[in-house]
Protein chains: 2
Amino acid sequence: MDQVEIFKALSNKTRLQILNWLKEPAVNFPEQLNPDFENTGVCVGQIQMKAGLSQSTISEYLSILQRANLVTATRVGQWTYYKRSEEGIKMLNKIISTEL
Amino acid sequence: MDQVEIFKALSNKTRLQILNWLKEPAVNFPEQLNPDFENTGVCVGQIQMKAGLSQSTISEYLSILQRANLVTATRVGQWTYYKRSEEGIKMLNKIISTEL
DNA sequence: TTGGTATATCGGGAAAAGTCGATATATATT
DNA sequence: AATATATATCGACTTTTCCCGATATACCAA
């Protein structure tokens, strides 16, 4: 993954917020229906409602974050659950402290 | 300073390269004339030549990096010397490990 | 299989970023 | 004061990003 792409993914207020919200799903998405969402993540619709942007935009943003390895996606039935990729974020930390 | 602006500053290959080159000025800018450049930094012209983009573009890029607190500038005579702001970069590390 | 819901993808218009050449400004030299 | 050099700023054009609505796809339930 290209460093530039990672930083581009982070160059947007909404995408940074999403990453932050996913730190504490239970706090930020109290209306979550999926009982296992702490493990699986939060579905697109919930994130979209909280962000207040269109469905297509949020879907797009989530895939940008995914391509940058900042989140992972799990499809369960008709829902796609997204959660932070702590591994990818750790990698980013390493990049910044060594390569930057 | 807005986080988004910092990440935008880093979302460009040339700007990332500049930041890297400035880690080792003596290695990357051997034709440097200023005898004190290890302290003061490297002047715009040298960076421009190495990057191979126009003078105006590099001047612009350096001020983008400066606004993001990733480099500092010192004017000496007709030259402006730029160097990494290790402090700003440390701050970025903190942002990423705590706020992201 | 028909319809309903969740997400992804496509096409597009507006705004921002990339990049240039030309010009302006600041400084130094004569 | 006149000229030369280094850098900054301006105006313009192209490419990319932002964000939308419309449509397609995937899955589920009756």
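Per chain, numbering begins at 1; letters A, B, ... match sequence-line order.
- Taking 4.0 angstrom as the limit, B/Y82 places a side-chain polar atom (N or O) nearer than this to OP1 or OP2 of D/dA8.
- Nearest-nucleotide mapping onto DNA chain D: of A/S11 and A/G77, the residue sitting toward the 5' end is A/S11.
- Between the side chain of A/Q78 and the base of C/dT7, no donor-acceptor pair under 3.5 Å is found.
- Summarising the geometry, atom CG belonging to B/L19 is positioned 11.0 Å from atom CG belonging to B/N12; distances are rounded to the nearest 0.5 Å.
- Of the residues A/I64, A/L62, A/L65, the one that meets the side-chain contact (heavy atoms from CB on, under 4.5 Å) test with A/L70 is A/L65.
- The distance from the CD atom of B/E5 to the CG atom of B/N69 is 12.0 Å, given to the nearest 0.5 Å.
- Atom P of nucleotide D/dT16 and atom CD of A/E60 are separated by 15 Å, given to the nearest angstrom.
- Atom OH of B/Y81 is separated from atom P of D/dA6 by 10 Å (rounded to the nearest Å).
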Residue pair A/I96, A/F7: steps toward the side-chain contact (heavy atoms from CB on, under 4.5 Å) verdict: CA-CA 11 Å; A/I96 289 185; A/F7 291 126; 3.9 Å; yes
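- The side chain of B/T57 contributes an N or O atom lying less than 4.0 Å from OP1 or OP2 of C/dC20.
- In this structure, the CD atom of A/Q48 is 12 Å from the C1' atom of D/dC19, given to the nearest Å.
- C/dA17 atom C1' lies 17 Å from atom NZ of B/K13, rounded to whole Å.
- Nearest nucleotide to the A/L53 side chain, out of D/dC20, D/dT7, C/dA8: D/dC20.
- If you measure from atom CZ of A/R67 to atom C1' of C/dT9, you get 12 Å, rounded to the nearest angstrom.
- In terms of polar N and O atoms assigned as donor or acceptor, the side chain of B/Q55 never comes within less than 3.5 Å of the base of D/dA6 in a complementary pairing.
- Checking the phosphate oxygens (OP1, OP2) of C/dA8, no side-chain nitrogen or oxygen of A/S56 falls inside 4.0 Å.
- Between A/N12 and D/dC18, a side-chain N or O to OP1/OP2 separation shorter than 4.0 Å is present.
- The CH2-C1' distance, from B/W79 to C/dA26, rounds to 12 Å in whole Å.
- To the nearest angstrom, P of D/dC18 lies 4 Å from CZ of A/R15.
- The interatomic distance linking B/F7 (CZ) with D/dT17 (P) rounds to 17 Å, in whole Å.
- Between A/R75 and the phosphate of C/dA8, there is no side-chain N or O to OP1/OP2 separation shorter than 4.0 Å.
- No side-chain donor from either of A/T74 and A/T40 sits under 3.5 Å from a side-chain acceptor of the other.
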